[in-house]
Amino acid sequence: MRRLLGTLLVPAALLATATVALADTDRPRTGPEVVAHRGASADAPENTLAAADEALAQRADAVEVDVQRTADGHLVLVHDATLARTTDVERVFPTRALAPVGTFTLAELRRLDAGSWFSPAFAGERVPTLAEFADRLRGRADLLVELKDPARYPGVEKEVAYEVDGLRSGVVVQSFDHDAMRRFAEAAPEIPAGWLFGGRPTTAQLDDAAAHGVTQINPSFRVVDAALVAEVRARGMQTGVYTVNDTDDMRQVAATGVDRIITDRPRVLRKVLAG
Ligand code: G3P
Ligand code: CA
């Protein structure tokens with residue numbers, strides 16, 4: 001497997017610097033960071049290089065993606081368990097339209113059109129690898145990698161850690177699967193990690209996350225208020241919220257003091273934050 005950037009032998013001092021930079025909750029606050037959800041997915045097909053380009057054009061600080069693994073071991077970006085919604089798999093592989101993503105090889109995925117479902121303007125977009133997507137963002141925006149259903153992909157934590165390790169800074173790995181994130185922390189304690197939550201995290205969960213060196217607590221915006229943001233910050237972590245697309249919600253969520261907001265509409269969020 002190819003490593004994204006750099007080598008395995010990253011000097012410990014450099015890794016420590018990168019981690020401190022991302023985990024620093026005392027930095028001067030200039031409002032929440034803008035994170036493009038699956039790329040700028042309101043304006044381009046999600047989890048594609050076109051969505052990365054659009055996120056950059058809309059001045060996102062970071063881009064969130066969903067990583068899964070092909071049958072032949074490549075890390076690729078797809079959100080759903082199947083390819084039916086976001087590709088023309090039904091046309092290309094009529095008998096496998098509802099087969100799990102992980103049953104396809106990379107060569108097979110390359111035959112799919114991941115753009116036309118969104119708009120004919122994006123015909124021919126491909127399912128990208130994590131490496132390709134990171135290369136596209138390199139030096140221009142940070143990367144927020146979600147391990148999507150990691151229980152389906154034994155060992156994926158280590159593989160993702162290996163791939164993103166060379167980025168040194170500007171990358172965070174997150175998942176709803178906290179057992180997977182504990183394995184990730186063991187494999188790569190130096191890489192910033194986030195725990196996703198569907199509901200409001202309990203005090204015990206926040207303590208658990210802090211004990212596992214978690215950098216970001218990332219719940220749905222619907223459960224976040226200023227008290228939760230303070231609880232997270234008191235434990236030395238940051239708060240990011242998903243997925244905020246309505247302008248009133250953006251204003252409300254920003255007022256709670258969250259560190260980052262994940263949205264399909266980075267340009268709109270940027271404008272709201274600018275007042
Ligand atoms: O980054 C958080 C958010 O992406 C989680 O939800 O379903 O869009 O992956 P989902
Ligand atoms: Ca996601």
Side-chain angles (χ1 to χ4, degrees), residues 22 32-49 51-52 54-55 58 60-69 75-87 100-102 114 117-118 127-130 133-134 137 141-153 156-157 160 164 170-178 180-181 184 191-201 205 209 214-224 228-229 232 237-246 249-250 253 256 258-266 269:
L22 282 167
E33 290 179 5
V34 174
V35 183
H37 181 236
R38 313 181 194 170
S41 56
D43 297 303
E46 64 187 57
N47 284 315
T48 65
L49 296 182
E54 189 58 38
Q58 297 190 19
D61 296 302
V63 184
E64 187 262 3
V65 293
D66 304 288
V67 70
Q68 302 193 51
R69 190 174 67 202
L75 298 173
V76 292
L77 305 185
V78 180
H79 177 272
D80 295 0
T82 76
L83 296 151
R85 181 178 62 87
T86 57
T87 74
V101 172
W117 70 274
F118 186 86
V127 173
T129 63
L130 175 60
F133 200 95
L137 297 186
D142 292 347
L143 183 59
L144 177 56
V145 179
E146 180 182 348
L147 307 181
K148 187 53 84 184
D149 296 329
R152 288 173 181 264
Y153 305 109
V156 73
E157 302 87 4
V160 170
V164 305
V171 63
V172 175
V173 175
Q174 65 170 359
S175 185
F176 284 103
D177 184 334
H178 302 164
M181 290 311 299
F184 181 81
I191 297 175
W195 283 14
L196 283 160
F197 292 86
R200 188 182 175 100
Q205 285 172 319
V214 168
T215 303
Q216 297 186 6
I217 297 295
N218 295 342
S220 161
F221 78 93
R222 297 182 192 283
V223 304
V224 169
L228 179 60
V229 172
V232 171
M237 301 181 288
Q238 298 186 348
T239 309
V241 289
Y242 67 89
T243 302
V244 191
N245 290 326
D246 174 84
D249 290 336
M250 288 173 181
V253 165
T256 65
V258 295
D259 297 283
R260 55 193 57 78
I261 296 176
I262 300 172
T263 178
D264 299 341
R265 307 168 74 200
L269 175 58

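Ligands are counted one by one from 1 in listed order, and the atoms in each one are counted from 1 as well. When a residue number appears, it is its place in the shown sequence, counting from 1.
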In terms of side-chain heavy atoms, does R152 have a donor or acceptor partner in Q68 at a distance below 3.5 Å?
no
Rounded to the nearest 0.5 Å, how far does CZ of F197 lie from CG of N218?
9.0 Å
Would the number of heavy atoms belonging to other residues, nucleotides or ligands and lying under 6.0 Å from CZ of R222 be above 12?
no
At less than 4.0 angstrom from any atom of ligand 1, which residues have a non-hydrogen atom? List them by chain and residue number.
H37, R38, E64, D66, H79, E146, K148, Q174, F176, L196, Y242, I262
Side chains of R38 and T243 in contact at under 4.5 Å (non-hydrogen atoms):
no
Euclidean distance, D80 CG relative to D149 CG, rounded to 0.5 Å:
10.0 Å
Is the closest side-chain heavy-atom distance between V145 and V171 below 4.5 Å?
yes
Taking the inter-plane angle between the rings of F176 and Y242 on a 0 to 90° scale, is it parallel (under 30°), tilted (30 to 60°) or perpendicular (over 60°)?
perpendicular
Contact between Q216 and L144 at the side-chain level, heavy atoms closer than 4.5 Å - yes or no?
yes
Atom pair CD/CG of Q58 and D43 - distance to nearest 0.5 Å
5.0 Å
Around the Ca ion (ligand 2), how many protein N, O or S atoms are closer than 3.0 Å?
3
